[in-house]
Every structure is written in structure tokens, then in C-alpha cells.
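Being a predicted model, the structure only gives us computed values, none of them experimental. Each chain gets a letter, A, B and so on, in the order the sequences are listed, and its residues count up from 1.
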2 protein chains.
Amino acid sequence: METEYETRPREAIARILRAEPRFFSAAELCARLDESGTPVSRATVYRTLERLAAKGEAALRLNDRGEATFMSCDNGHHHHAICRSCGRVEDVACGALDSFVDRLRSLHGFQLDEHSLEFHGKCRSCV
Amino acid sequence: METEYETRPREAIARILRAEPRFFSAAELCARLDESGTPVSRATVYRTLERLAAKGEAALRLNDRGEATFMSCDNGHHHHAICRSCGRVEDVACGALDSFVDRLRSLHGFQLDEHSLEFHGKCRSCV
DNA sequence: CGGTTTTTGAGACCGAGTCTCAAATCCCTC
DNA sequence: GAGGGATTTGAGACTCGGTCTCAAAAACCG
Ligand SMILES: [Zn+2]
Ligand SMILES: [Zn+2]
Ligand SMILES: [Zn+2]
Ligand SMILES: [Zn+2]
């Protein structure tokens, strides 16, 4: 079968992600891990992030350069408000979009089953 | 000064984009151009797409693998409904989101100035 | 401690996108 | 239509994020 081990690399990565509500690129994580004295190979960083995303414990986001970034994230459908200055992310409940979807179905004949929504701006401390 | 020339590569690319309301990757465009007998180098394809996007005549979208894709697109703020089966895209006017933004400003203290919204599903002909 | 399974790391590899610079093209003028 | 200066193009080297491989290391269990 497929038991799961708890390893130092995995714990170090989870610790960094949990400490800050923002998206990290794989490269950023590698750098942090090097600094903190528990270096982890790129391969392992990617594997761990992919695993967290699959379990729904991390959100995957492609930044504007197409690079994958990850953030510790609760399960359940919601959206993100991202500070373009410091990177801080706040969760945003998804309301008001259902009526939108209904209207689209009748207006365009599109059967929508998914959407993505993202806000950008400046957070309290960066204004 | 910086005059702009009208060249065969640019016209061939624009023609392909205008013919279908969907996003094309650079690789896809290269293939199409090869088939249609007017091959264009990758470098030129990228340059032309970047130029169209800068002029607001094309929309840039990163697909789920992080690859840049482009679509002939009108100016002005709106969103897209994308068919996950055939790729057809329909424009969606942006309403109902302003109230959202206002609520977020007071609720989170976030000063939002931009958002991205995208719908996925099946279009009329693909249901 | 063994023995078994899972995980890790170094580095080869891949593919999208960028850069370079000489050659080709465009366009304007005569 | 030929000449000439400005712009664009293309082949291919290059960069860099991400994946893959496989032997060595670590985790777990009794
Ligand atoms: Zn901020
Ligand atoms: Zn939503
Ligand atoms: Zn369709
Ligand atoms: Zn909008």
C-alpha cells in the first residue's frame, strides 16, 4: 500500500507556508530553506507542493510570468485578494456570482461549471 | 522615429486570430502558419503577439500549464467564458462586481484596483 | 538492530520563451 | 522602377522553470 512518511523536508516546507498568508514560488522556497539551514532539493520542493495541492492544503496560482506559486490554503471554494505590494493574501467568500452564472446560461447558452476570480490592490498596511 | 510596417507575417497572424474566437498558443499559430504556406519564425510570432497585446487588440491568457495564449479581442474591460471542450470564447460584460469590490474595501481594508474573472464550461454546440 | 517501503538529491533532460545580429523586407523618394 | 535608410525577420544559441531518473538515504515497523 501507500503509507505516508513524515519527513524533515516536508515539515520544513509546511512550516514556511503556514507562517505567511501569501504565495511562494518554488525558487523562493528553496532559498528560504537554504537560509534556514535545512536545504531541500528542487525536485523534493516541487513534489511536496504538488502533493499539498492535491490534498487541498495548498492553493496553486500561476503568477503573471507563468510560474507556479503556492500558498497554504483552506479547503472549500473561495477567492483571493492579493496585495500587489507585499503579496499578502486575504480570502474572499464567493457570493454574488451565482446570479451571474444563471444569467450567462440563459444569455449565451453556456453551461458553466467553474470560475476563477482574483482581486488585486493594496492591503491595509501598504496603502 | 518609429514607423510601423505592414508585413506578410503580421497579416497572416492577424488573419488566423480574427477567424476564430478562441485562444491560440504560439506553437499552435506556428503550426497553422506552416500549413497555410506562409511559415513564420517563432521569434516573430512572439513579437507580433506581444505587440498586439500591447495595442489592446489581443488578449493574453496563461493556460493551466502556464503557457501564453492569445486571442483577438476588443478593447475595454470585460471577461471571458471559455468552453473546455472546443475552446470557444464568449465575452461577458462585467457587472455585479462593483458592489463586491466596495464590500471588500470596507470589510478587509483592501484597496482593490483590478480583478480577473473567468468562466469555464461547455458552449451551446458542445453540451 | 535488520528488513521493507518511501523519500530524497544530483544532475540530466525538456520545452516555452528570449535574445542576437546579419539578411531580408518595407516604404518613401526620385 | 531603382536606390537607400529604417524596420522586420529568421536561424539558432541561450535561459530558466519544471520534470524525470535512479542510486543512496531516511522513515517506519517489529
Ligand atoms: Zn500589502
Ligand atoms: Zn467563486
Ligand atoms: Zn464548445
Ligand atoms: Zn470585471
Query - Pairing residues for A:Asp34 by the salt bridge (Lys or Arg N to Asp or Glu O under 4.0 Å) criterion, not counting sequence neighbours - result: none

Can you list, pair by pair, the side-chain donor-acceptor contacts under 3.5 Å of residues 7-15 of chain B, counting residues two or more places apart and other chains?
{"unit_1": "B:Thr7", "atom_1": "OG1", "unit_2": "B:Arg10", "atom_2": "N", "d": "3.4"}
{"unit_1": "B:Arg10", "atom_1": "NH1", "unit_2": "B:Tyr5", "atom_2": "O", "d": "3.0"}

Requested in this report: Let me know the distance between CD of A:Glu28 and P of D:dG17, rounded to the nearest Å.
Outcome: 12 Å

Query raised in the report: Within this structure, what is the CG-to-P distance between A:Leu52 and C:dT7, rounded to whole angstrom?
Result: 13 Å

Requested in this report: Tell me, please, which residues at least two apart from B:Ser85 pass side chain to side chain donor-acceptor pair (under 3.5 Å).
Outcome: none

Query raised in the report: Which nucleotides of nucleotides 18-30 of chain D have their base under 4.0 Å from a protein heavy atom (B), which only their sugar-phosphate (S), and which neither (-), written as one string 5' to 3'?
Result: BBBB-----BS--

Query - Pairs touching residues 116-127 of chain A that satisfy side-chain hydrogen bond (donor to acceptor under 3.5 Å, both in side chains), sequence neighbours left out - result: A:Arg61-A:Glu118, A:Glu90-A:Arg124, A:Glu118-A:His120

Report task. Kindly write out the residues that satisfy salt bridge (Lys or Arg N to Asp or Glu O under 4.0 Å) with B:Asp91, not counting sequence neighbours, or none if the list is empty. Result -> none

Requested in this report: Figure out the CG/P separation between B:Asn63 and C:dA16, and round it to whole Å.
Outcome: 10 Å

Requested in this report: Taking B:Thr44 for its side chain and B:Val40 for its backbone only, find out whether a donor-acceptor pair lies under 3.5 Å.
Outcome: no

Query raised in the report: Rounding to a whole Å, what distance do you find between B:Arg65:CZ and C:dC14:P?
Result: 17 Å

Query - Listed partners of B:Glu4 passing side chain to side chain donor-acceptor pair (under 3.5 Å), at least two apart - result: B:Arg51

Query raised in the report: Got a sec, which residues hit side chain to side chain donor-acceptor pair (under 3.5 Å) with B:Arg84, two or more places apart in sequence or on another chain?
Result: A:Asp113

Query raised in the report: Hey, what bend do you get for the helix from C:dC1-D:dG30 to C:dC30-D:dG1 if you fit axes on five pairs at each end, rounded to 10°?
Result: 30°

